Each structure stands twice: as C-alpha cells, then as structure tokens.
Amino acid sequence: MTAAALTVGAEARADDLAVDGGGRPTSALAAIVARQGGIPVAAASVAAVPRASATADRYGLASVPFATVNRDAPDVFGSTSLRVGRTPLDARWQRVSLGAARGLNEPARRFVASIRHLTPREQVDAVNGWVNARVTFQADRDGHDDWASAAQTLRSGRGDCEDFAIAKLQLLRALGHPATSLYFVVAQDLVRRQGHAVLVVRQQGRMLMLDSNTNRIQDATRRADYRPILSFSADRAWIHGYASDPQPMRVADADRDRPSVTL
C-alpha cells in the first residue's frame, strides 16, 4: 500500500457531519464523540461475551471469543467510524466490490463448491486460509496502488494486502455472504510501520478479521496494533477516529533480550 493511500481519510468529504449552532461543520472527531454521547467506545458499542467451546470440523478450526457489537458500522481496532459521502478511492472500490467473484479459475470454482455446505463461520475460516496459502505477497510496482479482482489475484497467485482482502471478499460474496456484512478496511500497521488492508466480516453481531498475515481469525474490535483510516462496504464508506487517544502499545522484541518499546 502506498503512502498516499494512508492520507485519504483527511481528504474524504463527510456529508453527514454534525454542525454547530452557527451552521458550521464540526470536526469529524467531534461528530464521532457527539454521536457516542461522550461515552468511551468500548463502553458504548462493545460488550464482552464468554469463550465458546472448541468446535471440530474437517479444517481443524476452533471457535474463539469475540466481542459483540451493537451496530453495523465498522468500529474496528478501538475506533469509532463516521459515514462519508465520497472518498478518493471510490473508483477503485467500485471496480472490485460489485457482485460476486467473476472469471474465477477452475481451482477457485472447485473450492467455492466444496465449502458451500459449511456454516457461514466455517466458510470464513476456510476462505481466509485458502487465499493465504495460494497467494504470495508482492507489492505493487512503481508506487502504484492497484486493486485487483479475485479472478486476477488467484490466476496470478500474487498480490499485496489489498488484493488478499479483495479476493476473500469476492469469494465470500460468491458463497452468498451479504455485501453489507463485508468491510474492506484500509489501516496503518503500527508494528511494521506501513500501510495495510484487511477484510472484516460482521457475523452474528461480531467483527471477524481476515488478515493476510495470519490464518487465525481474530476479533477486529480488540486489536491495538492496527490504526484504521478508511473502510468500505457495499455502497458505503467510513472514516475512523477515536473518542480519546488510544493507549500506547508496548511491543516486545522477540529476537533480542531487551526491553519492550512504546509506540
């Protein structure tokens, strides 16, 4: 992901921002805080749920605990989200978001057919692992930030983080998952200090993150190492902010015996 892609949140036009008494738009963050009534995000939109028991299936998957969210906006990674009317990335999003995957190669079509009988949660796990295993990371050349369709990525077997997320999104659409429950999230990776993109799936009130960096499905409301900037779902887009400054994250150095650092 290019550096330019990480600045789009500031350029987006928010058609539904709050206005003050003089009719002037307030800041995006002020509007977010106002909508939350001044209540911290964790208290306003997230409630803890107990750990589910392990489930066994042919993919060797296990259920994990997730927080339950109270609305369909992508309040992921500790942020609050605000709907915007348009963004500089709309054209790219529209090219890859319409309908289910088209022109898939034969292995991809067989894979989709082979997991149709699984539960929606099992399909999410299967799609995440299948794409991660069949696509090799390759950054876009010459600073271009191209978004490929699932058909293009799976035929070439190469792509960057956006291409991983889009391939997963389109495969889930081909399996019948609603477009409005699939969120393409552009973020900053605070550990690697670079741009990143992931797919978030809203399922039974929970936000499940599908990441190219791991086959483990994770709770998108609890991750602190990604800073979301912009999200897309169907014909909607959001910018992200925080009701208060997020807590600094301490990262341990796994390779050397030295103190952790604060980001």
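Quick caveat: nothing in here was measured; it's all calculated off a predicted structure. Because only heavy atoms are used, hydrogens play no part in the values below, and waters and symmetry mates are left out as well, while side chains stay in.
Counting heavy atoms from C-beta outward, Asp211 and His196 have side chains that approach closer than 4.5 Å. The closest side-chain heavy-atom distance from Trp147 to Leu89 is below 4.5 Å. Using a 4.5 Å cut-off on side-chain heavy atoms (C-beta onward), Leu199 and Leu172 make contact. You'll find the side chain of His177 reaches within 4.5 Å of the side chain of Val124, heavy atoms only. Side-chain contact between Tyr183 and Val76 is absent, with no heavy-atom pair separated by less than 4.5 Å. Looking at Pro74 and His240, their side chains come closer than 4.5 Å, going by heavy atoms from C-beta outward. Side-chain contact between Asp160 and Phe137 is present, with at least one heavy-atom pair separated by less than 4.5 Å. With contacts defined as side-chain heavy-atom distances shorter than 4.5 Å, the pair Leu171/Leu104 qualifies.
Asp225 contributes no side-chain N or O that, together with a main-chain N or O of Val191, makes up a donor-acceptor pair within less than 3.5 Å. The main-chain N or O of Ala234 is found under 3.5 Å from a side-chain atom of Trp93 such that the two form a donor-acceptor pair. With hydrogens and angles ignored, the 3.5 Å screen pairs no side-chain donor or acceptor of Gln194 with any backbone N or O of Asp189. Remark: the backbone N or O of Thr180 is paired with a side-chain donor or acceptor of Arg202 at under 3.5 angstrom. Thr153 places a side-chain N or O within donor-acceptor distance of the main-chain N or O of Ser149, the cut-off being under 3.5 Å. In this structure, Gln170 contributes its side chain and Ala150 its backbone to a donor-acceptor pair below 3.5 Å.
Taken from NE2 in His117 to CD in Gln123, the straight-line distance is 9.0 Å, to the nearest 0.5 Å. We find the CE-CZ distance between Met207 and Phe77 to be 10.0 Å, quoted to the nearest 0.5 Å.
Under the salt bridge (charged side-chain N to carboxylate O under 4.0 Å, His left out) criterion, Arg109 pairs with Glu106, sequence neighbours left out. For Ser233, the side-chain hydrogen bond (donor to acceptor under 3.5 Å, both in side chains) test picks out no residue, with sequence neighbours left out. Every side-chain hydrogen bond (donor to acceptor under 3.5 Å, both in side chains) that Asn215 has, sequence neighbours left out, goes to Asn132.
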**Request:** Assess whether side-chain hydrogen bond (donor to acceptor under 3.5 Å, both in side chains) is satisfied between Ser81 and Asp75, documenting all intermediate values.
**Result:** CA-CA 5 Å; Ser81 53; Asp75 292 343; 2.7 Å; yes

